[in-house]
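Written below as structure tokens is the structure these notes are about.
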2 protein chains.
Amino acid sequence: MVSIKDVAKMAGVSPTTVSAVVNNHDCVKLSTREKILKVINELGYIPNISARELVTNKKQNIGLITTGYDNFQKNGCNNDKDIFYIEYINGIAEAIKTTGYGLLIENFVYEEGSKEIPKIIEQKRVDGAMIVGSLYKKEFIELLKKEINVLVTVGTFSEFTDYVINDYTESILMAVRYFVKNGHRKIAYVSGDSKTYACPLKLLGYKEGLKEAGIKFDNELLFESKFMSSHGYDVAKKICELPKEKFPTAVIFGADILAAGACRYFYENKIYIPEDISILGYENLSISSYINPPLTSIDWNKNLMSKEACSLILRRLKNPNKKYDGIVLPCNIVERKSVKNLN
Amino acid sequence: MVSIKDVAKMAGVSPTTVSAVVNNHDCVKLSTREKILKVINELGYIPNISARELVTNKKQNIGLITTGYDNFQKNGCNNDKDIFYIEYINGIAEAIKTTGYGLLIENFVYEEGSKEIPKIIEQKRVDGAMIVGSLYKKEFIELLKKEINVLVTVGTFSEFTDYVINDYTESILMAVRYFVKNGHRKIAYVSGDSKTYACPLKLLGYKEGLKEAGIKFDNELLFESKFMSSHGYDVAKKICELPKEKFPTAVIFGADILAAGACRYFYENKIYIPEDISILGYENLSISSYINPPLTSIDWNKNLMSKEACSLILRRLKNPNKKYDGIVLPCNIVERKSVKNLN
DNA sequence: CTGAAAGCGCTTACAG
DNA sequence: CTGAAAGCGCTTACAG
């Protein structure tokens, strides 16, 4: 292992100067700098990260924590969870690459009331962390804030940290408008887990959309559901049990996972999409493009979210005492083949 | 930040003794140990990982490196890649949790001929690493071996490292048997990328299976394809262009992604699964359960693979000079609804 | 069973 | 612009 001392000796300078070069301080004379760089190159010197961490009191890692209900595991629905997080994980891995930080990931299962926190935070392995998902309570964030200063929530609003979310209300409003534009009037809405931050906001968008189009809100066309595909299946069944005059021409699912589950039911019961019923997913997960027919879905633009989350965390790392920032991103609809134009 | 000195002072012992307790050395008198543990608890002392790393010359992280062709990105097929890796990532994250190691991930795009290696290895951020996937050449592993000693390949055989793979030949043989058992005789096979290690082995299984059942190998029923769903679509088209007497009753796809792409084509062209044609996926990715009809697929048992990969790496970490280990896991078929019984 | 001392490889005031 | 010195928080022979 070649150390800073070896470089210093070989270049005929002090470790201090080598350090200055390695850290791009601009106080080193050009010729000295070049000499040192040459030796670094020859020797293949790579600074020891641990030593640097120790003295600067910074780890050079940031953490990515995914959250899940205990339920997911108990019910063997890890699929549903995996499918949700992957695009964030990869998006963030991509965005972090150029920053000099490493990405440490931990899947954390939040249990209400528990004081347990993610290990990478407890052990101070990271300088900052992002919490992806929405399956936790505010108390969890407060707990974390005691242990780590730099925190960004991704996908959930947060009072005490930076956050990046979507415009939930607007997104569902947009969905209703989209259906109305395509001639639909009987539009059902399958809301996600009411415990999450987004749920009531999305519902608001649904109601606003109906109002705007002069459609009367009908409680029978509103369904609540957790975020598992089996629940989407169940909801589809309920929809089909509706009296004929109530049967919607269009359904907005609050999550792609739910739409996928519903598709299963429709498929099994020979109800064709979009001929018999039009459906819209939410999130635009990768699965939406594999489903048949490919699912038209409200895109969260998770890649952009990941990037924004990274810049948020980098900014916060540089400036820990700044007032909290929130980024609200717009959604858009990715058109595939699950919606019929009734006009 | 409370340090080992603080604990020592408060407990009236030396840092050496505190260190011994923290590291579970069994040379400390019980009463001393208890006294120290009490202080640790009171003070909420957590050892500084960087300091420990510096002195032991170990990072306490292991790396998870996913590999992908440049193509995936160029062709906007990240979906296909994401979908493939997620279950490993989560499986390994789960398995690593109890080991005391952190999990550092990096998505690496391998380019043939390039000398570039993953940053987490170059910067020595990890004690060991797992390479998941098969989209790289042997030279890549040789390159890595120069920089890091503890390496495990997951999903690809490797001469110079530990590895965990599936029994590729057996798995496709099993697939053919499964179709034969269900009364199929015209069985097509869509092979994956021929550059990968598994490809020729799987093909072998296909041929053996046919032979065993007394079915003549027909080159027209063999298709080659890269690992993108669009290629599955193209293959399905080709299958449908086959003269009627050649049209297979069953197709084995060398990857779920390919089956998904094919399903799209079949769906669009009103060819029903499994009524008109039976299909079998490979890998049992999460998408296979969301597709309609749900895809019967050869399960790689990625959870077990992840666990085995973790034990392999832990063993190797403890014993760096042991002879290389290889684990070959059996596959099994997860029956869903894409195969018709012809008997 | 316990402690004093050295040292891991850096960075950072500080002095010149 | 450069260097000597101290110190980050641990672990590890070694001595007793």
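The figures here come from the full heavy-atom set of this structure, side chains too, leaving out hydrogens, waters and symmetry mates. None of the values given here were measured: they were computed from a predicted structure. Proteins come first, then strands; the chains are lettered A, B, ... in the order of their sequence lines, and each starts at number 1.
A salt bridge does not link A/Glu53 to A/Lys58: none of the charged side-chain nitrogens sits closer than 4.0 Å to a carboxylate oxygen. B/Lys137 has a carboxylate O that lies under 4.0 Å from a charged side-chain N of B/Glu112, or vice versa, which qualifies the two as a salt bridge.
With respect to A/Ile131, the side chain to side chain contact (heavy atoms under 4.5 Å, CB included) criterion is satisfied by exactly one of A/Leu64, A/Val154, A/Leu144: A/Leu144.
Sorted by residue number, the list of members of residues 34-43 of chain B with any non-hydrogen atom under 4.0 Å from DNA chain D is empty.
Protein atom CG of A/Asn57 is 11 Å distant from nucleotide atom P of D/dC8, rounded to whole Å. Rounded to whole angstrom, the span from the NZ atom of A/Lys5 across to the P atom of D/dA6 amounts to 14 Å. Atom CD1 in B/Ile4 sits about 15 Å away from atom C1' in C/dA5, given to the nearest Å. Distance A/Arg33 CZ to D/dC1 P: 12 Å, rounded to the nearest Å. When the P atom of C/dC8 is taken as reference, atom CD of A/Glu53 falls 18 Å away, rounded to whole Å. For the pair A/Lys124 NZ and D/dC8 C1', the interatomic distance rounds to 17 Å; values are reported in whole Å. Taking atom CG of residue B/Asn24 and atom P of nucleotide D/dT11, one finds them 12 Å apart after rounding to whole Å. Between B/Asp6 atom CG and D/dC10 atom P there is a gap of 9 Å when expressed in whole angstrom units.
Note on B/Ser50: nothing from the nucleic acid sits closer than 4.0 angstrom, heavy atoms only.
Residue order along DNA chain C, read from the 5' end via each residue's closest nucleotide, puts B/Val13 first among A/Leu54 and B/Val13.
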Sub-3.5 Å pairs of nitrogen or oxygen atoms, protein against nucleotides 12-16 of chain D:
| unit_1 | atom_1 | unit_2 | atom_2 | d |
| --- | --- | --- | --- | --- |
| D/dT12 | O4 | B/Thr16 | OG1 | 3.4 |

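Between the side chain of B/Gln123 and the main chain of A/Ile46, no donor-acceptor pair closer than 3.5 Å is present. Checking side-chain atoms of B/Glu106 against main-chain N and O of B/Ile65 turns up no donor-acceptor pair under 3.5 Å.
Sorted by first then second residue, the side-chain hydrogen bond (donor to acceptor under 3.5 Å, both in side chains) pairs that include residues 139-162 of chain A, not counting sequence neighbours, are A/Lys124-A/Glu147, A/Lys145-A/Tyr324, A/Ser158-A/Thr161, A/Asp162-A/Arg316. Listed by first then second residue, pairs satisfying side-chain hydrogen bond (donor to acceptor under 3.5 Å, both in side chains) with a partner in residues 26-44 of chain A number zero, not counting sequence neighbours. For residues 304-315 of chain A, the set of pairs meeting the side-chain hydrogen bond (donor to acceptor under 3.5 Å, both in side chains) definition, not counting sequence neighbours, comprises A/Arg315-A/Asp325.
In this structure, B/Tyr197 has its ring center no closer than 6.0 Å to that of B/Tyr136.
Between the side chains of B/Thr16 and B/Ser19, no donor N or O sits under 3.5 Å from an acceptor N or O.
With the 3.5 Å cutoff on both pairing distances, Watson-Crick and G-U pairs in DNA chain D assemble into runs of at least 3 at C:1-3 with D:14-16, C:5-12 with D:5-12, C:14-16 with D:1-3.
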Next item on the list: Please assess A/Val152 against A/Tyr163 for the test side-chain contact (heavy atoms from CB on, under 4.5 Å), listing each intermediate value before the final yes or no.
Entry: CA-CA 5 Å; A/Val152 172; A/Tyr163 61 89; 5.6 Å; no
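The B/Ser3 side chain lies nearest to D/dG9 when the options are D/dG9, C/dT2, C/dC10.
Within the structure, every side-chain polar atom (N or O) of A/Ser14 is placed at least 4.0 Å from both OP1 and OP2 of D/dA4.
At least one side-chain heavy atom of A/Val22 sits less than 4.5 Å from a side-chain heavy atom of A/Arg52.
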